[in-house]
**Student:** 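Got a structure here, written out as structure tokens. Questions coming.
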Protein chains: 2
Amino acid sequence: MSEALLLHEDPRSGNCYKIKLTAALLGMELGTRQYDILKDETRSPEFLGRVNAHGRIPVLQVGDRFLPESNAACWYLAEGSHLIPGDAFERAQMLRWMFFEQYSHEPNIATLRFWTRFVGLDNLNDDQRGQLGAKRLAGYDALATMEDHLEEREWFAGSAASLADIALFAYTHVADDGGFNLAKYPAVRKWIGRIPQLPGFIAMN
Amino acid sequence: MSEALLLHEDPRSGNCYKIKLTAALLGMELGTRQYDILKDETRSPEFLGRVNAHGRIPVLQVGDRFLPESNAACWYLAEGSHLIPGDAFERAQMLRWMFFEQYSHEPNIATLRFWTRFVGLDNLNDDQRGQLGAKRLAGYDALATMEDHLEEREWFAGSAASLADIALFAYTHVADDGGFNLAKYPAVRKWIGRIPQLPGFIAMN
């Protein structure tokens, strides 16, 4: 990959961390530019016009091209590497867990972390407050699905760590920030313990 | 692909339609088995134990292995075909729009369709009713992001139809079922008109 890589990020975001962890595990150089999402710095006309019309981070900049969506950026960095299974069915299973992460895990576990730790529960509006119970249930449902899968496996897809593990690790290992208790998920906790042993691992903050 | 392909589906689901449309565009044989999600037929012990512990459809069965998540199943069917761009950056852009679909589009546009057309707005619980306004706004925000992208392009990634178009077409072309008005999104409407012209196209129902 000859073009310079620049990550537009907020360091508090687990979605941004996924991309930095992927680059670290692959030994790739990745520049960063920080934005404060609590100050709407990704809603500026310059950001919307040039980086991402959807007003969200992370965005991976590759030369002068822009790639939003954390899991798509991880895929771009890792294609052809050991972080993507060589077998076609296992590769699809990896993507399955990455879609699960964005649909069933992140909107519950990451959102409750964001509201609890960064926005503050006292500052939520009525719409948000009304969703707390449903997001709590759905977050635990996602953890139960992970536990079920990990009871007989060390990694989410194939026989080694893949992007599925990176994507799910980002917010699972800080789930307690959002008030989730992992005591009843021993296989998930063991799996969390495996990730920092990967060569090149970097912590979130 | 030598193993038999069987789709566990509810025919009313756009997520299931994505997989059937992908198979049709590729000329692949795909068996189906129907479940009624309104009768919780995907929450039976047999389904949870054998097909998907997460209790959701679609699930693509490949021989005796099971692959949940609609977009992962589309990927499995289409790998190596003309429905996935050959260029690495465009391939990642395709995945970007597929993750966008699951995170920013489906939970709003598909959920409002499901609540409006199949559950009935009078039958929603208070939690669901409280989310109607936010989902309406977020759905229109997703449509605006699509409009912005399509103003200068015919397809979401690369220079031809890809899985990104299939994934986003599934619920966008029936968005009016959920009360979304596409009048202000002319580029989206033009793009919707391109999909049925693809060789092998099948309609949703």
Side-chain angles (χ1 to χ4, degrees), chain A residues 1 3 15 48-49 52-56 59-60 62-63 65-77 79-80 88-104 106-107 125-134 137 141-142 144-149 151 157 167, chain B residues 1 3 15 48-49 52-56 59-60 62-63 65-77 79-80 88-104 106-107 125-135 137 141-142 144-149 157 167:
Chain A
M1 224 169 280
E3 292 176 285
N15 284 325
L48 294 173
N52 184 7
H54 198 38
R56 289 162 188 265
V59 176
L60 179 65
V62 182
R65 295 178 297 176
F66 297 88
L67 180 63
E69 299 293 334
S70 57
N71 289 345
C74 290
W75 172 279
Y76 181 73
L77 295 181
E79 220 183 26
F89 190 81
E90 294 301 346
R91 196 156 50 242
Q93 282 286 3
M94 180 193 82
L95 286 170
R96 167 246 181 131
W97 286 107
M98 294 167 78
F99 284 110
F100 166 87
E101 190 266 339
Q102 283 291 286
Y103 193 87
S104 299
E106 205 270 8
N125 63 36
D126 288 345
D127 266 6
Q128 292 168 326
R129 209 179 307 275
Q131 292 177 54
L132 287 173
L137 279 177
D141 187 51
T145 301
M146 293 167 67
E147 180 75 12
D148 180 84
H149 188 71
E151 274 170 358
Chain B
M1 224 169 279
E3 293 178 286
N15 284 324
L48 295 173
N52 183 8
H54 199 38
R56 288 163 188 264
V59 176
L60 179 65
V62 182
R65 296 179 295 178
F66 296 88
L67 180 63
E69 298 293 335
S70 58
N71 289 346
C74 290
W75 173 279
Y76 181 73
L77 295 181
E79 221 184 26
F89 190 81
E90 294 300 346
R91 198 156 48 242
Q93 282 285 3
M94 180 194 81
L95 285 169
R96 166 248 181 130
W97 286 107
M98 294 167 78
F99 284 110
F100 166 88
E101 189 267 337
Q102 284 290 287
Y103 193 86
S104 300
E106 204 271 6
N125 63 37
D126 287 346
D127 267 6
Q128 292 168 326
R129 209 179 307 275
Q131 292 176 55
L132 288 174
K135 284 187 181 292
L137 279 178
D141 187 51
T145 301
M146 293 168 66
E147 180 74 14
D148 181 82
H149 189 71

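Residue numbers start from 1 in every chain, and the chains themselves are labelled A, B, ... in the order their sequence lines are given, proteins ahead of strands.
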**Student:** A side-chain contact here means heavy atoms from C-beta on lying under 4.5 Å apart; do B/Asp141 and A/His54 qualify?
**Tutor:**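 The answer is yes, as the side chains (C-beta and beyond) meet within the 4.5 Å cut-off.
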
**Student:** So do A/Glu79 and B/Arg91 actually touch side chain to side chain, heavy atoms under 4.5 Å?
**Tutor:**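 A side-chain contact under 4.5 Å exists here.
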
**Student:** Measure across B/Asp127 and A/Gly130 and return the closest heavy-atom pair with its distance rounded to 0.1 Å.
**Tutor:**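 In this case the closest contact between B/Asp127 and A/Gly130 is OD1-O, 3.5 Å.
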
**Student:** Evaluate side-chain contact (heavy atoms from CB on, under 4.5 Å) for B/Gln93 paired with A/Leu67, printing each intermediate quantity in order.
**Tutor:** CA-CA 7 Å; B/Gln93 282 285 3; A/Leu67 180 63; 3.9 Å; yes

**Student:** Grab the two heavy atoms, one from B/Ala92 and one from A/Ala72, that are nearest each other, plus how far apart they are.
**Tutor:**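 Nearest heavy atoms, B/Ala92 then A/Ala72: O-CB, 3.6 Å.
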
**Student:** Taking all non-hydrogen atoms of both residues, which atom of B/Ala53 and which atom of A/Asp148 are closest, and how far apart?
**Tutor:**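 Closest approach of B/Ala53 to A/Asp148: CB-OD2, 3.3 Å.
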
**Student:** Against chain B, label A/Ser104 side chain, backbone, both or neither, depending on which of its atoms sit under 4.5 Å from a heavy atom there.
**Tutor:**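 Contact with chain B involves the side chain of A/Ser104 alone.
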
**Student:** Enter the distance from B/Gln102:CD to A/Glu69:CD here, rounded to the nearest 0.5 Å.
**Tutor:**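 So the gap between those two atoms works out to 11.0 Å.
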
**Student:** Relative to chain B, which segment of A/Gln131 carries a heavy atom at a distance below 4.5 Å: side chain, backbone, both, or neither?
**Tutor:**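 Contact with chain B involves the side chain of A/Gln131 alone.
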
**Student:** Does any backbone or side-chain atom of B/Arg65 lie under 4.5 Å from a heavy atom of chain A? Answer side chain, backbone, both or neither.
**Tutor:**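 Contact with chain A: backbone and side chain both.
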
**Student:** Is there a side-chain contact (heavy atoms from CB on, under 4.5 Å) between B/Met98 and A/Phe99? Walk through the geometry before answering.
**Tutor:** CA-CA 9 Å; B/Met98 294 167 78; A/Phe99 284 110; 3.9 Å; yes

**Student:** Under 4.5 Å from any heavy atom of chain B, what part of A/Phe66 do you find: side chain, backbone, both or neither?
**Tutor:**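 Answer is backbone: N, CA, C or O of A/Phe66 sit under 4.5 Å from chain B.
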
**Student:** Take atom CG in A/Asp126; do more than 12 heavy atoms of anything else shown fall under 6.0 Å from it?
**Tutor:**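 Atom CG in A/Asp126 is not packed in, count stays at 12 or less.
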
**Student:** Looking only at heavy atoms, which two atoms of B/Pro107 and A/Tyr103 are closest? And how far apart?
**Tutor:**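 Scanning both residues completely, I find the closest heavy atoms to be CG-CE1, 3.9 Å.
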
**Student:** A side-chain contact here means heavy atoms from C-beta on lying under 4.5 Å apart; do B/Thr145 and A/Asn52 qualify?
**Tutor:**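 Counting from C-beta outward, B/Thr145 and A/Asn52 never come under 4.5 Å.
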
